[in-house]
Number of protein chains: 2
Amino acid sequence: MNTHGYRVAVVGATGAVGQQMIKTLESRDFPIDKLTLLSSARSAGKKVTYKGEEITVQEAKPEIFDDIDIALFSAGGSVSKELAPEAAKRGAVCIDNTSAFRMDPDVPLVVPEVNEEEIRNHNGIIANPNCSTIQMVAALEPVRKKFGLDKVIVSTYQAVSGAGAAAIDELHSQSQAILDGREAKAEVLPVKSGKKHHQIAFNAIPQIDNFEENGYTFEEMKMINETKKIMAMPELKVAATCVRLPIVTGHSESVYFEIKDENVTAEDIKTLLKDAPGIILQDSPEEQLYPMPADAVGSNDVFVGRIRKDLDDRRSFHMWVVSDNLLKGAAWNSVQIAESLIKLNLITRK
Amino acid sequence: MNTHGYRVAVVGATGAVGQQMIKTLESRDFPIDKLTLLSSARSAGKKVTYKGEEITVQEAKPEIFDDIDIALFSAGGSVSKELAPEAAKRGAVCIDNTSAFRMDPDVPLVVPEVNEEEIRNHNGIIANPNCSTIQMVAALEPVRKKFGLDKVIVSTYQAVSGAGAAAIDELHSQSQAILDGREAKAEVLPVKSGKKHHQIAFNAIPQIDNFEENGYTFEEMKMINETKKIMAMPELKVAATCVRLPIVTGHSESVYFEIKDENVTAEDIKTLLKDAPGIILQDSPEEQLYPMPADAVGSNDVFVGRIRKDLDDRRSFHMWVVSDNLLKGAAWNSVQIAESLIKLNLITRK
């Protein structure tokens, strides 16, 4: 291991996102002196391989963070709420992938391509946005910067891995049951703790997370509120409809947006996004080239295509945005924030 | 059989929609004296059961329509273009489920809940709209009538059965291949005659039908143009993004719409749609009740839910619309037009 590296902890090391965090730290060759893998008591004792070395997962406890420089949290909101402040108090910088602190005014909510400089304002905790928000703002930010942005309406096409490993198993077992002509048992989606569960195989469920009183789901409100915070545009009009689909990994989004300049063409938007950081333009209708989740899996990038001008409103456009929800939507964005901490000289080994 | 009935032909009797047309004629107890089942030469000779009686499918030829009162076409645009004018010349009223005549100014484009009276203007051919258009206009028409309508933005979640029986087989065989860890072969979707084919199982394909030069697909332009024609609103702003998903039957739509009255509430829209013809309101977030394709299969109705007011624009709303694309989207709407012909006294036995 790198002897000039950091002591890094992954909290939630055995989960779907935690596993991707470990893989991403490895593939990025992140400067690590010591990697500590943490989990609930239930998963403690499991072994995970990192760079050929077996690491035993330990139960997450406050004292452990005495010896940690950077802690990546992805073990659910309640774990973050309890442990991230403890870790921060002990001098670790926490990058939290849950919704626990995202809307806290003292916590930066960061997508490095959009608001990397916000990291400077951290008080021990930096929040990683919701997966469906990250890929959308990454694609919208170059547009906002160059042409202004007034309004966004998004409809999502979200994969089950966003709901964890149990939801992936459920999609697989339900799909097999239906192909065999058996009944599909639903126990996980749309919300594990919910009163009702619905079949996801060969179906579409227009509910992600619980409902708020205003009729929107928490997932939809996350997209609305987080987008405004990340882009520092409280006045931006944002609306979202979030839908779970029988796709394992890779979120897609049908995004309508209104800019300030009515003379911009679809070609202008394509030219802009072709060179935007973290974005891959896949937009050749004549070659049937457009982003699809099956192609995006395993990539850190955000794929954009189907860019076209609205036929009625000269300031409006449509686009299709796809990304691996476990990578740019979660693990990679978290590790990317950690890399930004180093790049901006905001972290030192304790 | 009813001795005071009509001589009815189904053209494309062995296809996915044709089969549903025959079932629907049976379940509606449509007044039929003689049912003639027609197809291409390739499928001629097959036998189909109607009300316990075996009927042999014949090759479709112009002369056959000499003895037909009502002809339901669903055998592809080229068959309709060739045979529907021949059938009409011979006195049959053709109800055409293809896109061949939909935008012809001399051909009514009808969704009975919206513009039944248009049937009176037929010249031997009445067009059945595109499946994704029908369910949307059925849900929007009561809104337009009561509160006015300015703008519609729709993102679709479309089932593979809209692309025919071969696409259903492809989804099933690809799903099994992927569950078995084998490679998924793609030969049908998104467009059978297209240069490239993409995996649909556990994926999302943002292409339905071919692309036009403006970057929109024909499916998207159908939704845009047909909606304006059916609602008789050439000035209506409509935009669409159409996406194929790993669902066998049942199209879903995330519909954003702007009305003229800013004092309308989501409750007002719900109250209105609860009693609208052909609409079933499924909108109780607290009970996790909303429309889903798996629940809509086999029903003639259009299911609407997730109705909520936009948080920024007082004249804007969001809703989620689901229907069986083979029934209200095709077979049922065609048979319903035939029933309207009888109801309005527009058809007589030759």
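A note on names: the letters A, B, ... follow the listed sequences, proteins ahead of strands, and every chain is numbered from 1.
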- Do other residues, nucleotides or ligands put more than 12 heavy atoms under 6.0 Å from Lys196(A) NZ? yes

- Message: Quick check against the 3.5 Å criterion: does Lys195(A) have a side-chain atom that pairs as donor or acceptor with the backbone of Glu287(B)?
- Response: no

- Query: Can you tell if the side chain of Val243(B) reaches within under 4.5 Å of the side chain of Ser252(A), non-hydrogen atoms only?
  - Reply: no

- Query: Tell me, side chain or backbone of Thr156(A) under 4.5 Å from chain B's heavy atoms, or both, or neither?
  - Reply: backbone

- Task: Check each atom of Thr217(B) against the heavy atoms of chain A and say whether the ones under 4.5 Å are side chain, backbone, both or neither.
- Result: both

- Counting only heavy atoms not in Lys274(A), do more than 12 fall under 6.0 Å of its NZ? no

- Message: For Ile307(B), which atoms come within 4.5 Å of any heavy atom of chain A: side chain, backbone, both, or neither?
- Response: neither

- For the residue pair Ile153(A) and Ile153(B), establish whether any side-chain heavy-atom pair is separated by less than 4.5 Å. yes

- So what's closer than 4.5 Å to chain A heavy atoms on Lys309(B): side chain, backbone, both or neither? backbone

- Note on the structure: Among His318(A), Glu220(A), Glu213(A), Glu286(A), the residue with the most heavy-atom pairs under 4.5 Å to chain B is Glu220(A)

- Residue among Ala201(A), Ala159(A), Pro246(A), Gly215(A) with most heavy-atom pairs under 4.5 Å to chain B: Pro246(A)

- Please flag which part of Ala240(A) lies under 4.5 Å from any non-hydrogen atom of chain B: side chain, backbone, both or neither. backbone

- In Å, rounded to the nearest 0.5 Å, how long is the span from CE of Met292(B) to NE2 of His198(A)? 4.0 Å

- Task: Report the option among Ala294(A), Gly305(A), Gly250(A), Gly194(A) that has the most heavy-atom pairs separated by less than 4.5 Å from atoms of chain B.
- Result: Ala294(A)

- Message: Under a 4.5 Å cutoff for heavy-atom pairs, which residue among Ile205(B), Val191(B), Asp313(B), Val248(B) has the most contacts with chain A?
- Response: Asp313(B)

- Item | Exceeds 12 heavy-atom contacts within 6.0 angstrom, atom CD of Glu183(B) | no

- Give, as side chain, backbone, both or neither, the part of Ala296(B) having an atom under 4.5 angstrom from any heavy atom of chain A. neither

- Item | Gap separating the CG atom of Asn203(B) from the CG atom of Leu245(A), nearest 0.5 angstrom | 11.0 Å

- Heavy-atom check, side chain of Asp310(A) versus side chain of Lys237(B), under 4.5 Å: no

- Heavy-atom distance under 4.5 Å to chain A: side chain of Pro291(B), backbone, both or neither? backbone

- Message: Between Ser284(B) and chain A, with a heavy-atom cut-off of 4.5 Å, which part of the residue counts as in contact: side chain, backbone, both or neither?
- Response: neither

- What's the spacing between Met221(A) CE and Leu311(B) CG if we round to 0.5 Å? 5.0 Å

- Once you round to the nearest 0.5 Å, how far does CD of Gln199(B) lie from CG of Asp295(A)? 8.5 Å

- Give, for atom CZ of Phe202(A) and atom OG1 of Thr249(B), the distance between the pair rounded to the nearest 0.5 Å. 11.5 Å

- Task: Determine whether Ser155(A) and Tyr157(B) make a side-chain contact, defined as any pair of heavy atoms from C-beta on separated by less than 4.5 Å.
- Result: yes

- For the candidates Pro285(A), Ser175(A), Pro206(A), Ala204(A), which exhibits the highest count of non-hydrogen atom pairs separated by less than 4.5 Å from chain B? Pro206(A)

- Taking Asp312(A) for its side chain and Ala239(B) for its backbone only, find out whether a donor-acceptor pair lies under 3.5 Å. no

- Query: Side chain, backbone, both or neither: which part of Asp283(B) has a non-hydrogen atom closer than 4.5 Å to chain A?
  - Reply: neither

- Would you please classify the geometry between the Phe211(A) ring and the Tyr290(B) ring as parallel, tilted or perpendicular, with 30° and 60° separating the classes? tilted

- Item | Matching residue for Thr241(B) among Arg306(A), Glu253(A), Arg308(A) - test: side-chain hydrogen bond (donor to acceptor under 3.5 Å, both in side chains) | Arg308(A)

- Measuring heavy-atom distances to chain B, does Ile178(A) have an atom under 4.5 Å in its side chain, in its backbone, in both, or in neither? neither

